[in-house]
Amino acid sequence: MSLLSLRDFTLSFNEGGRLLNAVKNIFLDIEESEMVALIGESGCGKSATALSLMGLSNDDAEYTGHIFFEGKDLAVFDEREWRSIRGERISMIFQEPMTALNPLLRVGPQIMEMLLVHQRIDKKNAKKMVLQMLKSVNLADEERIYKSYPHQLSGGQRQRIMIAMALINNPSLLIADEPTTALDVTIQAEIIDLIKRMNEQKGTAVLLISHNLSLVKGLTKRAYIMYSGSIVESGRTEDILSFPIHPYTRGLIASIPNVKNRGKRLYSIAGTVPSLEERSNCGCPFAPRCTIRSDRCFSNFPKQKDIQGHSYSCFFSPDEIEERMNG
Ligand SMILES: Nc1ncnc2c1ncn2[C@@H]1O[C@H](COP(=O)(O)OP(=O)(O)OP(=O)(O)O)[C@@H](O)[C@H]1O
Ligand SMILES: [Mg+2]
């Protein structure tokens with residue numbers, strides 16, 4: 001059994017009495033201690049998915065399907081049940097740490113609070129554990145950091161605080177929602193290294209969310225490619241990067257700078273991500289932007305096909321896609 005299993009999961013928002021799908025019929029699995037990537041353009045539904053896994057969707061959100069986690073279906077949890085696993089079994093780090101930290105409180109006590117809420121532990125021991133945690137996320141000078149306010153720290157340090165806070169209760173799943181987009185490139189690499197190290201040392205499974213496929217190269221074993229609320233391709237990250245099948249994934253990869261296309265104008269997929277309203281029709285969500293679409297692509301969502309663990313949803317076969325795109 002997987003640690004986390006989204007089964008035919010759909011998330012809709014109630015907009016003036018109409019239910020609009022933000023995420024549609026997705027299947028996604030994370031094994032224990034596994035690091036998995038969820039990739040897609042801005043607005044495709046990555047954060048909406050992540051927030052559902054934390055029980056943090058807005059009141060206007062509705063789910064169908066299942067969120068199996070450690071043998072329970074979280075899709076039917078009430079707020080009291082969510083509180084018992086949020087920050088304890090499943091934790092999340094956000095794109096912009098400032099929004100998740102309380103600016104009026106010193107960071108040490110904020111991390112300690114996470115411990116006190118979930119564990120029977122006295123303050124003295126809790127503080128010891130926090131200082132140790134600060135050290136293990138490479139915040140040397142942990143006594144000073146403990147007493148600092150969020151604004152006294154750099155962006156990279158604040159993101160380390162978020163990681164410390166997320167991991168202090170030793171959760172089995174960490175969701176990292178674009179954890180490095182707000183940071184500069186060298187700090188980005190350090191934070192990614194840290195998440196990787198925590199995954200290895202503590203065996204925490206990680207769902208790493210990003211719009212950047214090249215970021216997850218060599219980092220996650222498997223990846224899911226999301227387009228407009230649907231998973232269009234999934235499999236081993238290496239396979240997806242080397243042999244992308246779905247026209248959308250191919251476009252994504254062609255838009256990553258590499259040695260071959262250096263100096264040339266980078267490919268970009270024409271058009272924009274559809275709105276929630278457009279997302280509620282029944283065809284392939286990528287059809288309006290796809291260069292090889294046919295009529296049926298607008299009327300039905302293509303069934304997922306699987307080639308040795310590499311899955312994709314397109315009516316055409318890999319050979320046909322290759323031929324039509326490059327022929
Ligand atoms: N509470 C809400 N009510 C209505 N629509 C929402 C709500 N939250 C998100 N959406 C919509 O759902 C879609 C998916 O948003 P989401 O934040 O999940 O995108 P994302 O993939 O995380 O994008 P980004 O890469 O920019 O973070 C967007 O069209 C967004 O406007
Ligand atoms: Mg997001």
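All ligand and atom numbering here is 1-based and tracks the order in the structure. This is a predicted model, so every value here is computed, not measured. Residue numbers run from 1 in the order of the sequence given.
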Quiz item: Testing Glu238, Glu233, Glu34 for salt bridge (Lys or Arg N to Asp or Glu O under 4.0 Å) with Arg222, which one passes?
Solution: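 Only match with Arg222 under salt bridge (Lys or Arg N to Asp or Glu O under 4.0 Å): Glu34.
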Under 4.0 Å from ligand 1, counting heavy atoms only, is it the side chain of [X], its backbone, both or neither?
| X | answer |
| --- | --- |
| Asp177 | neither |
| His211 | neither |
| Ile209 | neither |

Self-check item: Under 3.5 Å: N/O of Asn58 near N/O of ligand 1
Solution: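 Yes, there is a polar N/O contact under 3.5 Å.
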Practice problem: State whether the shortest distance between N or O atoms of Ala22 and N or O atoms of ligand 1 falls below 3.5 angstrom. | Solution: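 In fact, backbone or side chain, Ala22 has no N or O that close.
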Exercise. Just go through Ala48, Ser228, Gly43 and tell me whose heavy atom is the nearest to atom 18 (O) of ligand 1.
Key: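 Nearest heavy atom to atom 18 (O) of ligand 1 lies in Ala48.
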Practice problem: Out of Ala50, Ser47, Ser57, indicate the one that has the non-hydrogen atom closest to atom 27 (O) of ligand 1. | Solution: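 Residue with the shortest heavy-atom distance to the ligand atom: Ser47.
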Quiz item: Do Lys127's NZ or CZ and the ring of Tyr146 fall within the cation-pi criteria of under 6.0 Å and 45°?
Solution: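 Judged by the rule, Lys127 and Tyr146 form a cation-pi pair.
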Quiz item: Would one find more than 12 heavy atoms of other residues, nucleotides or ligands at under 6.0 Å from atom NZ of Lys217?
Solution: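 No, the 6.0 Å shell around NZ holds no more than 12 heavy atoms from other groups.
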Give a yes or no on whether a salt bridge exists between [X] and [Y], defined as a side-chain N under 4.0 angstrom from a carboxylate O.
| X | Y | result |
| --- | --- | --- |
| Glu277 | Arg18 | yes |
| Asp141 | Arg144 | yes |
| Arg324 | Asp319 | no |

Quiz item: Heavy atom of Cys44 under 4.0 Å from ligand 1?
Solution: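 Cys44 counts as a contact of ligand 1 under the 4.0 Å cut-off.
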Practice problem: Tell me, please: is Met226 in heavy-atom contact with ligand 1, that is, under 4.0 Å? | Solution: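 Outside the 4.0 Å threshold, so no.
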Exercise. Among all protein heavy atoms, pick the one closest to atom 26 (O) of ligand 1 and tell me residue, atom and distance.
Key: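 Heavy-atom neighbour on the protein nearest atom 26 (O) of ligand 1: Ser42 OG, 2.5 Å.
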Quiz prompt | Taking atom 10 (N) of ligand 1 as the reference point, the nearest protein heavy atom with its distance | solution =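 Closest protein heavy atom to atom 10 (N) of ligand 1: Phe13 CE1, 3.5 Å.
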Quiz item: Under 4.0 Å from atom 30 (C) of ligand 1, is there any protein heavy atom?
Solution: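 Under 4.0 Å from atom 30 (C) of ligand 1, zero protein heavy atoms found.
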Exercise. Would you confirm whether any non-hydrogen atom of the protein falls under 4.0 Å from atom 8 (N) of ligand 1?
Key: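 Within 4.0 Å of atom 8 (N) of ligand 1, protein heavy atoms are found.
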Self-check item: Parallel, tilted or perpendicular: ring planes of Phe9 versus Tyr63, cut at 30 and 60 degrees
Solution: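 If you compare the ring of Phe9 with that of Tyr63, the planes turn out tilted.
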Exercise. Please could you name the atoms of ligand 1 that Asp60 approaches to less than 4.0 Å, counting only its heavy atoms?
Key: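 Near Asp60, the atoms of ligand 1 are 1 (N), 3 (N).
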Practice problem: Please identify which atoms of ligand 1 are closer than 4.0 Å to at least one heavy atom of Glu178. | Solution: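 In order of number, 25 (O).
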Quiz item: Is the side chain of Ser33 donor-acceptor paired with the backbone N or O of Gly203 at a distance under 3.5 Å, no angle test?
Solution: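 A pair under 3.5 Å: yes.
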Quiz prompt | Residue Ser47, metal the Mg ion (ligand 2), N/O/S under 2.8 Å | solution =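 An N, O or S atom of Ser47 is closer than 2.8 Å to the Mg ion (ligand 2), so yes.
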